[in-house]
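Note: hydrogens, waters and symmetry copies are ignored here, and every other heavy atom, side chains too, is used.
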Amino acid sequence: MNLLDGFVNYTRSGRFYSPRVSISGSGWLSINSTLYKDLGLDSYQGAEFFFNPNNRMVGIKFCCELQSGAYKMNPRVNKEGEKALYMSIKGFVQTYKIVAQGKTAKYSIVQQAKENDTLIILLKPISMEVINGDIEDNKL
């Protein structure tokens, strides 16, 4: 019997240990290496974006094959060799005024579903940071 029988081995994953998704007012989507790995995003080539103006939720549909109108995914590799996703989605952010210029919104995944060759996640805004500006503007 091994002293560690029954234990689960923890593997360090990137700078942030909790899954994080953020969207900046300048039009960048960021998915950290922890969430990238948890969602298995290596299997996907493109992403389509959806917005619900009633509750300000964002939907992302990841596709194994790049669909017409989808954004191409180009993951970056950090110095630990782990992948994270940074995508320019400026048109989407500006069209629906997802996040004000100079701010970054953080999101949590509230639902996800895998269907055939796609993965759909629904994101709910949880906080907004002011990059430049007045702290009074720091509201969702």
Side-chain angles (χ1 to χ4, degrees):
M1 177 174 193
N2 185 337
L3 188 60
L4 294 175
D5 282 348
F7 284 82
V8 176
N9 186 25
Y10 170 76
T11 304
R12 182 172 176 254
S13 58
R15 198 175 93 190
F16 295 108
Y17 304 113
S18 59
R20 294 190 183 200
V21 178
S22 60
I23 299 176
S24 72
S26 59
W28 285 92
L29 168 79
S30 171
I31 295 178
N32 74 351
S33 60
T34 302
L35 187 57
Y36 186 93
K37 183 178 169 183
D38 289 351
L39 293 174
L41 293 182
D42 266 339
S43 304
Y44 303 98
Q45 299 295 313
E48 297 177 58
F49 293 85
F50 303 86
F51 180 66
N52 184 330
N54 297 322
N55 57 19
R56 311 232 12 108
M57 288 177 59
V58 172
I60 306 175
K61 179 180 175 184
F62 296 100
C63 306
C64 287
E65 294 183 16
L66 193 58
Q67 306 291 326
S68 176
Y71 289 83
K72 182 175 173 40
M73 293 171 54
N74 291 314
R76 294 185 183 173
V77 179
N78 64 21
K79 62 184 174 186
E80 287 89 19
E82 297 167 325
K83 292 182 181 178
L85 187 61
Y86 301 96
M87 294 177 67
S88 176
I89 56 169
K90 192 172 188 173
F92 173 71
V93 171
Q94 289 180 343
T95 297
Y96 297 108
K97 297 177 177 43
I98 307 286
V99 181
Q101 188 68 30
K103 293 187 179 183
T104 298
K106 292 185 177 141
Y107 290 82
S108 65
I109 296 177
V110 293
Q111 201 168 359
Q112 71 183 61
K114 199 168 187 174
E115 302 171 358
N116 300 324
D117 290 342
T118 64
L119 170 67
I120 299 170
I121 61 173
L122 300 181
L123 304 170
K124 178 181 178 184
I126 55 172
S127 71
M128 183 106 39
E129 294 177 355
V130 174
I131 295 172
N132 297 311
D134 191 337
I135 196 69
E136 290 298 314
D137 296 332
N138 193 9
K139 297 177 184 164
L140 287 173

Following the transitive rule for hydrophobic clusters with a side-chain heavy-atom cut-off under 4.5 Å over Ile, Leu, Val, Met, Phe, Trp and Tyr, establish whether [X] and [Y] coincide in one cluster.
X	Y	answer
Ile120	Tyr96	no
Met73	Leu39	yes
Ile109	Leu119	yes

Worksheet entry | Pro75 side chain reached by Leu41 side chain, heavy atoms, under 4.5 Å | no
request  = Would you sort out whether Ser26 and Gln101 count as a side-chain contact (heavy atoms from CB on, under 4.5 Å), showing the intermediate values?
outcome  = CA-CA 6 Å; Ser26 59; Gln101 188 68 30; 4.1 Å; yes
Exercise for the section: Consider only side-chain N and O atoms of Tyr36 and Asp42, and report whether a donor and an acceptor are under 3.5 Å apart. Expected result: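 The criterion, which ignores hydrogens and geometry beyond distance, is satisfied for Asp42 and Tyr36.
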[atom1] of [X] to [atom2] of [Y]: how many Å apart, nearest 0.5 Å?
X	Y	atom1	atom2	value
Arg56	Leu123	CZ	CG	13.0 Å
Lys90	Ile98	NZ	CD1	15.0 Å
Ile60	Ile31	CD1	CD1	5.0 Å
Ser30	Lys106	OG	NZ	10.0 Å
Thr118	Lys61	OG1	NZ	5.5 Å
Leu35	Tyr107	CG	OH	14.5 Å

* Is it true that a side-chain atom of Asn32 and a backbone atom of Arg20 form a donor plus acceptor pair closer than 3.5 Å? -> yes
Q | Sidechain-backbone polar pair: Gln67 side chain, Glu65 backbone, donor-acceptor under 3.5 Å | A | yes
*Measure the acute angle between the ring planes of Phe49 and Tyr71, then classify it against the limits of 30° and 60° as parallel, tilted or perpendicular.*
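Aromatic pair Phe49/Tyr71 classed perpendicular.
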- Task: Indicate the ring-plane relationship of Phe51 and Phe92, choosing parallel, tilted or perpendicular according to the 30° and 60° boundaries.
- Result: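 Taking Phe92 first and then Phe51, their aromatic rings stand perpendicular (interplane angle over 60°).
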task: Take atom CG of Asn116 as the centre, draw a 6.0 Å sphere, and report whether it contains more than 12 heavy atoms from other residues, nucleotides or ligands.
output: no
